[in-house]
Amino acid sequence: MKNLVSINDLGKKDIVKIFEITDRIKRGGLKDSMKDRRLALLFEKPSTRTRTSFESGMLMLGGSPIYLDTKTMQASRGETYQDTSKILSLYTDIIAARMNKHSDLLEFAKASDVPVINALTDLEHPCQALSDIYTIREIRKDLNGIKLSFVGDIATNTANSLLLASTKLGMKFSMVGPHSIKPNAEYLKKARSQGIVSISDSLKNGLKDSEFVYTDTWVSMGEESIAKKKKKELSGYQVNKKAMSYASSGSFFMHCLPAHRGEEVTSEVIDGKSSIIWEQARNKMYVEAAILVYLSSQIRK
Ligand code: CP
Ligand code: NVA
């Protein structure tokens, strides 16, 4: 069974195919491609965009989404991930799950009889990275050699997925953050085997020649107890007008959202002309719909 638990589950060809399907869906195509199909959306953590964009994407393709909050399920009373997964496989055709621990999602996916999509874990956010790179592709057509810089928490889920996806597609990935935060070693090794990655604790050096500047919240879901430490650690890495001035002229600002204006980014930048945050958010719906189509080729009839 092919899943999308990690960007590592996809080759370059798979991603190109997903982008081609996205183009078709954005032009109004593939309308009934998920007809009579059900998508389970299993969420252990809050979500505004990913939940709604998956639901809307599934409806757009003629299918039915079923939202499940684990707090209201037997999983909250100790039912195992394996049993929950087996049960959802009986009732639905495809599952997107947002889980606290990536290892739990791996267990869940192993037990599933239908394709499983990672809707965010502590380690990765693959659907986000694919939507973001699709957004860059809409602006720049050819992704080859484009420098994308990630500023701030360079060990977070979004950074990990962008690191793998961008280098797989021939882009250059620059990580800009404090020495105390180390990128995921295994992912860094993999990314360096397929492309160019730089790491810097200097905004000026790290952002040089960047066409796209990306940041994420300083305190991710589940990190509430270390919020004070993280904010202090990252305080020098706000994306403000000065930081943007280190990037290429005409560079774009990106954020997966939710944003914390005044922390990782200033209002001036996120609401300014260079910001493409709404395009990124809109594309989540189309790219996730394309992922459903792509993975549904293996769904039982
Ligand atoms: N970007 C993103 O995943 O947002 P949500 O947490 O609102 O789904
Ligand atoms: N790194 C963030 C991403 C939110 C979409 C988090 O995990 O909370």
Shared hydrophobic cluster for [X] and [Y] (ILVMFWY, side-chain gaps under 4.5 Å):
{"X": "M285", "Y": "L41", "value": "yes"}
{"X": "L148", "Y": "L10", "value": "yes"}
{"X": "M175", "Y": "L162", "value": "yes"}
{"X": "Y246", "Y": "V265", "value": "yes"}
{"X": "L169", "Y": "I21", "value": "yes"}

Please determine whether the number of non-hydrogen atoms from other residues, nucleotides or ligands lying under 6.0 Å from atom NZ of K208 exceeds 12.
no
Has K231 got more than 12 heavy atoms of other residues, nucleotides or ligands less than 6.0 Å from its NZ?
no
Donor-acceptor list for residues 114-133 side chains, cut-off 3.5 Å, not counting sequence neighbours:
| residue | atom | partner | partner atom | Å |
| --- | --- | --- | --- | --- |
| N118 | OD1 | L120 | N | 2.6 |
| N118 | OD1 | T121 | N | 3.4 |
| N118 | ND2 | V5 | O | 2.9 |
| T121 | OG1 | H102 | ND1 | 2.8 |
| T121 | OG1 | L123 | N | 3.1 |
| T121 | OG1 | E124 | N | 3.1 |
| D122 | OD1 | H102 | N | 2.8 |
| E124 | OE1 | I7 | N | 3.0 |
| E124 | OE1 | S161 | OG | 2.8 |
| E124 | OE2 | S6 | OG | 2.5 |
| E124 | OE2 | Y187 | OH | 2.6 |
| Q128 | OE1 | K284 | NZ | 2.7 |
| Q128 | NE2 | D132 | OD1 | 3.0 |
| Q128 | NE2 | D132 | OD2 | 3.3 |
| S131 | OG | C127 | O | 2.8 |
| D132 | OD1 | Q280 | NE2 | 2.9 |
| D132 | OD2 | Y214 | OH | 2.5 |

Within-4.5 Å side-chain heavy-atom neighbours: [X] and [Y]:
{"X": "V287", "Y": "T135", "value": "no"}
{"X": "L295", "Y": "K2", "value": "yes"}
{"X": "E79", "Y": "M73", "value": "no"}
{"X": "R140", "Y": "M171", "value": "no"}
{"X": "R137", "Y": "D23", "value": "yes"}
{"X": "I270", "Y": "L257", "value": "yes"}
{"X": "T50", "Y": "E288", "value": "yes"}
{"X": "I136", "Y": "M254", "value": "yes"}

Dump the intermediate steps for side chain to side chain contact (heavy atoms under 4.5 Å, CB included) on S174 and K172, then the final yes or no.
CA-CA 7 Å; S174 161; K172 294 179 194 155; over 6 Å; no
Do any pairs count as a side-chain hydrogen bond (donor to acceptor under 3.5 Å, both in side chains) and have a residue in residues 58-75, sequence neighbours left out, and if so which ones?
Q74-R77
Give me each pair satisfying side-chain hydrogen bond (donor to acceptor under 3.5 Å, both in side chains) with a member in residues 8-21, each pair once, sequence neighbours excluded.
D14-Y294
Tell me if a side-chain donor or acceptor on [X] pairs with a main-chain N or O of [Y] at a distance below 3.5 Å.
{"X": "S210", "Y": "V213", "result": "no"}
{"X": "S248", "Y": "S251", "result": "no"}
{"X": "E211", "Y": "I146", "result": "no"}
{"X": "T266", "Y": "N240", "result": "no"}

Please name all residues satisfying ring pair (Phe, Tyr, Trp, His ring centres under 6.0 Å) with F212, sequence neighbours left out, ordered by chain then number.
F252
Among all residues two or more places apart in sequence or in another chain, which pass the side chain to side chain contact (heavy atoms under 4.5 Å, CB included) test with E233?
P178, S180, I181, K229, K230
Which heavy atom of [X] sits nearest to which heavy atom of [Y], and what is that distance?
{"X": "D271", "Y": "R261", "result": "OD1-NH2, 2.8 Å"}
{"X": "I95", "Y": "S112", "result": "CD1-OG, 4.0 Å"}
{"X": "K86", "Y": "A111", "result": "NZ-O, 3.2 Å"}
{"X": "S274", "Y": "M244", "result": "OG-CE, 3.9 Å"}
{"X": "T217", "Y": "P258", "result": "CB-O, 4.3 Å"}
{"X": "P183", "Y": "L188", "result": "CG-CD2, 4.3 Å"}

Is it true that Y237 and D153 share a donor-acceptor pair across their side chains at a distance under 3.5 Å?
no
Without hydrogens or angle criteria, can the side chains of S296 and R37 be said to hold a donor-acceptor pair below 3.5 Å?
no
Straight-line distance of I199 CD1 to F173 CZ, nearest 0.5 Å:
10.0 Å
Test log, rule side chain to side chain contact (heavy atoms under 4.5 Å, CB included), inputs T156 and F150
CA-CA 10 Å; T156 198; F150 189 100; 3.8 Å; yes
Go through it in stages, so that I can follow the logic: the residues are I15 and F19, the test is side chain to side chain contact (heavy atoms under 4.5 Å, CB included), and I'd like the CA-CA distance, side-chain angles, deciding distance and then a yes or no.
CA-CA 6 Å; I15 299 179; F19 288 173; 3.6 Å; yes
In a table with atom names and distances, give each donor-acceptor pair under 3.5 Å that connects a side chain of residues 189-196 to protein atoms at least two apart or in another chain.
| residue | atom | partner | partner atom | Å |
| --- | --- | --- | --- | --- |
| R192 | NH2 | V197 | O | 3.2 |
| S193 | OG | K190 | O | 2.6 |
| Q194 | NE2 | L164 | O | 2.9 |
| Q194 | NE2 | T167 | OG1 | 3.0 |

For the pair E138 and K26, find out whether any cationic side-chain nitrogen is under 4.0 Å from an anionic carboxylate oxygen.
yes
Using the rule given for side chain to side chain contact (heavy atoms under 4.5 Å, CB included), can you reason through M221 versus R98, listing the C-alpha separation, both sets of side-chain angles and the distance that settles it, and then say yes or no?
CA-CA 11 Å; M221 290 179 276; R98 171 167 287 194; 3.5 Å; yes
Worked verdict on T158 versus D216 for side chain to side chain donor-acceptor pair (under 3.5 Å):
CA-CA 8 Å; T158 44; D216 187 2; 2.7 Å; yes
